[in-house]
Amino acid sequence: MAAAKTRTSTFSRNLSTASPSHGPGLKCGPNGTVFLSSGIPDLDKILGGGFPLGSLVMVMEDAEAPHHMLLLRNFMAQGLVLGQHLLYSSPARDPRGFLGTLPSPAASKDDKPRERDPDQEKGLRIAWQYKKYFGENQLDGQRDVKHEYSNEFDLRKPLERHFINGPRIDCVSIQDCPDLSTLRDRCATFLSQFPRNDGSISCAGRIAIQSFCAPQCAYSNMEWDMLSFIRSLKSMVRSSNSVAIITFPPSLLSPSFCKRWQHMADTLLSVKAIQDEDKELAQLLTGYQDMVGFLNVHKVARINTQVPVILEATTFSIKLQKRRYLVLECLNQAPVDGSSGTSYGTSGGCSSSSKTGNLDF
């Protein structure tokens, strides 16, 4: 009798209240939030899972270096690899040519060749014999079907053409547009494919707008019109299963409008280049030789909650591991006295240290 009661206990899973199924490249988060990967695994961890669906992400560019393109390329490439729809807008005359610069996903550790085990050699020969029944092409296709939520991309290897030539990509040039009505209509048509509902999410959309207030655009001096477009785009994205990213140079905007743009963003990021041969910064930070810039997280999206997100750090170093992979790391302070290897915090007080260093005050 006790065993029968155990089988019919209330701890069995209730299928009616199970979480809805989602398509590839989506991950469930707290408070019913569904995340979409940024294309950078480290940035997904920093933000608590990625970019929430229905959020507007804004990236402030640096006038000295195009580091914002690293974030934009990975974001676009991640969507194309997962089979998600993409709308790309650029002030260039041929925005589709930019797709050829997108990076290719790096081979995962599971795909690397392994050493053969003599005890399993017989099983491998049997598996090889089964190929004539299934076909080698089908087995290779099954390997390609494996999708990851967030891939590591090789910046030196371009994305394969079959990802770029798909019908899921829509490119818009805003250089010759006299106003923003054309871009607004294209965004509305694109977002209408992904209406927000409580059921399963089969596919999601991504919008990437590069250098929104570039001087080569005819509407670059219409600050109120650009602010109205951002407000309307945010409302359209909020009611759809998509994420929009806008990069803009803050130096081209007036200070008041730059603050308004920052308040409109759900997630606000900024990039900063490192000056060449900055000796003071090289003595202050460890791993300075591998750094190419800094990433600052000013705001993190809060969807379905009013609890603020508290990050362990807001400034991270942008590194290119092996000059191929984009890595974000927390800043680590180097020891003041390199010969001893101890940090400046070993002394009891600020003025009790017998040796003088660069950080003594």
Side-chain angles (χ1 to χ4, degrees), residues 21-27 35-41 43-44 50-51 53 66 68-90 92-113 131-173 186-187 189-194 200-210 240-245 247 320 322-326:
S21 59
H22 301 307
L26 301 175
K27 183 172 66 175
F35 290 107
L36 182 145
S37 175
S38 64
I40 306 173
L43 184 57
D44 292 340
F51 297 142
L53 286 182
H68 63 280
M69 301 303 296
L70 297 174
L71 307 180
L72 203 63
R73 285 191 178 98
N74 283 34
F75 174 77
M76 296 170 59
Q78 183 67 71
L80 296 181
V81 169
L82 296 174
Q84 298 172 349
H85 293 250
L86 173 65
L87 173 63
Y88 172 62
S89 176
S90 171
R93 290 189 178 275
D94 184 18
R96 187 168 289 274
F98 177 74
L99 302 178
T101 64
L102 299 182
S104 177
S108 60
K109 298 180 180 179
D110 298 335
D111 297 337
K112 294 182 179 180
K131 287 186 178 180
K132 63 183 179 181
Y133 299 103
F134 295 98
E136 295 184 1
N137 297 330
Q138 295 182 1
L139 294 176
D140 295 338
Q142 292 178 0
R143 297 191 190 100
D144 297 336
V145 171
K146 181 181 178 181
H147 298 296
E148 297 182 2
Y149 172 73
S150 182
N151 297 88
E152 290 186 358
F153 291 91
D154 190 348
L155 301 179
R156 290 189 175 185
K157 184 178 179 182
L159 192 62
E160 298 180 1
R161 288 187 175 272
H162 67 90
F163 292 111
I164 301 175
N165 297 329
R168 298 181 301 270
I169 305 175
D170 187 11
C171 297
V172 184
S173 177
R186 297 286 287 272
C187 292
T189 304
F190 178 81
L191 295 174
S192 62
Q193 307 176 36
F194 318 101
S200 61
I201 305 174
S202 59
C203 188
R206 296 174 183 240
I207 295 179
I209 302 178
Q210 173 191 347
S240 65
N241 294 321
S242 59
V243 174
I245 285 186
T247 67
L320 295 179
K322 298 180 181 180
R323 297 182 179 180
R324 289 178 176 269
Y325 311 107
L326 186 61

Output all residues satisfying ring-ring contact (aromatic ring centres under 6.0 Å, His included) with Tyr325, sequence neighbours left out; order by chain, then residue number.
-> none
Taking only residues two or more places apart in sequence, or in another chain, which ones meet Ser104 in a side-chain hydrogen bond (donor to acceptor under 3.5 Å, both in side chains)?
-> none
In short, Gly83 meets Cys203 closest at the heavy-atom pair O-SG, 4.0 Å
Partners passing side-chain hydrogen bond (donor to acceptor under 3.5 Å, both in side chains) against Glu160 (at least two apart in sequence or in another chain) = His162
With Arg73, which residues qualify under salt bridge (Lys or Arg N to Asp or Glu O under 4.0 Å), at least two apart?
-> none
Here the gap from Ile169 atom CD1 to His85 atom NE2, rounded to the nearest 0.5 Å, amounts to 10.5 Å
side-chain hydrogen bond (donor to acceptor under 3.5 Å, both in side chains) partners of Ser38, counting only residues at least two apart | Asp44
List in chain and number order the residues that pass ring-ring contact (aromatic ring centres under 6.0 Å, His included) with Phe163, two or more places apart in sequence or in another chain; answer none if no residue qualifies.
-> none
Which is it for Leu155 and Leu70 under the side-chain contact (heavy atoms from CB on, under 4.5 Å) test, yes or no, and what are the steps along the way?
-> CA-CA 9 Å; Leu155 301 179; Leu70 297 174; 4.2 Å; yes
Contact check, side chains of Leu159 and Val81, non-hydrogen atoms, under 4.5 Å = yes
Which residues satisfy the side chain to side chain contact (heavy atoms under 4.5 Å, CB included) test with Ala77, sequence neighbours excluded?
-> Leu102, Pro103, Phe153
Of all residues at least two apart in sequence or in a different chain, which pass the side chain to side chain contact (heavy atoms under 4.5 Å, CB included) check with Pro41?
-> Ser150, Glu152
Could you check Leu53 against Leu26 for side-chain contact (heavy atoms from CB on, under 4.5 Å), going step by step and ending with a plain yes or no?
-> CA-CA 9 Å; Leu53 286 182; Leu26 301 175; 4.3 Å; yes
Give, for atom CE of Met76 and atom CG of Leu87, the distance between the pair rounded to the nearest 0.5 Å.
-> 9.5 Å
In short, Arg206 meets Gly79 closest at the heavy-atom pair NE-CA, 3.3 Å
For Asn241, which residues count as a side-chain hydrogen bond (donor to acceptor under 3.5 Å, both in side chains) partner, sequence neighbours excluded?
-> Arg196
Between Phe35 and Phe51, is the ring centre distance below 6.0 Å?
-> no
Quick one: do Leu86 and Arg168 satisfy side-chain contact (heavy atoms from CB on, under 4.5 Å)? Show the steps, please.
-> CA-CA 6 Å; Leu86 173 65; Arg168 298 181 301 270; over 6 Å; no
Sequence neighbours excluded, the answer for salt bridge (Lys or Arg N to Asp or Glu O under 4.0 Å) partners of Arg93 is Asp176
Across all chains, not counting sequence neighbours, the salt bridge (Lys or Arg N to Asp or Glu O under 4.0 Å) partners of Asp154 are Arg324
Backbone N or O of Arg186 within a donor-acceptor pair of the Thr189 side chain at under 3.5 Å?
-> no
Shortest non-hydrogen contact between Leu36 and Phe75, atoms and distance = CD2-CE1, 3.9 Å
Are Ile40 and Leu71 close enough, and set up right, to give a side-chain contact (heavy atoms from CB on, under 4.5 Å), and what steps lead you there?
-> CA-CA 8 Å; Ile40 306 173; Leu71 307 180; 3.4 Å; yes
Non-neighbouring partners of Pro66 that pass side chain to side chain contact (heavy atoms under 4.5 Å, CB included), sequence neighbours left out = His68, Met69
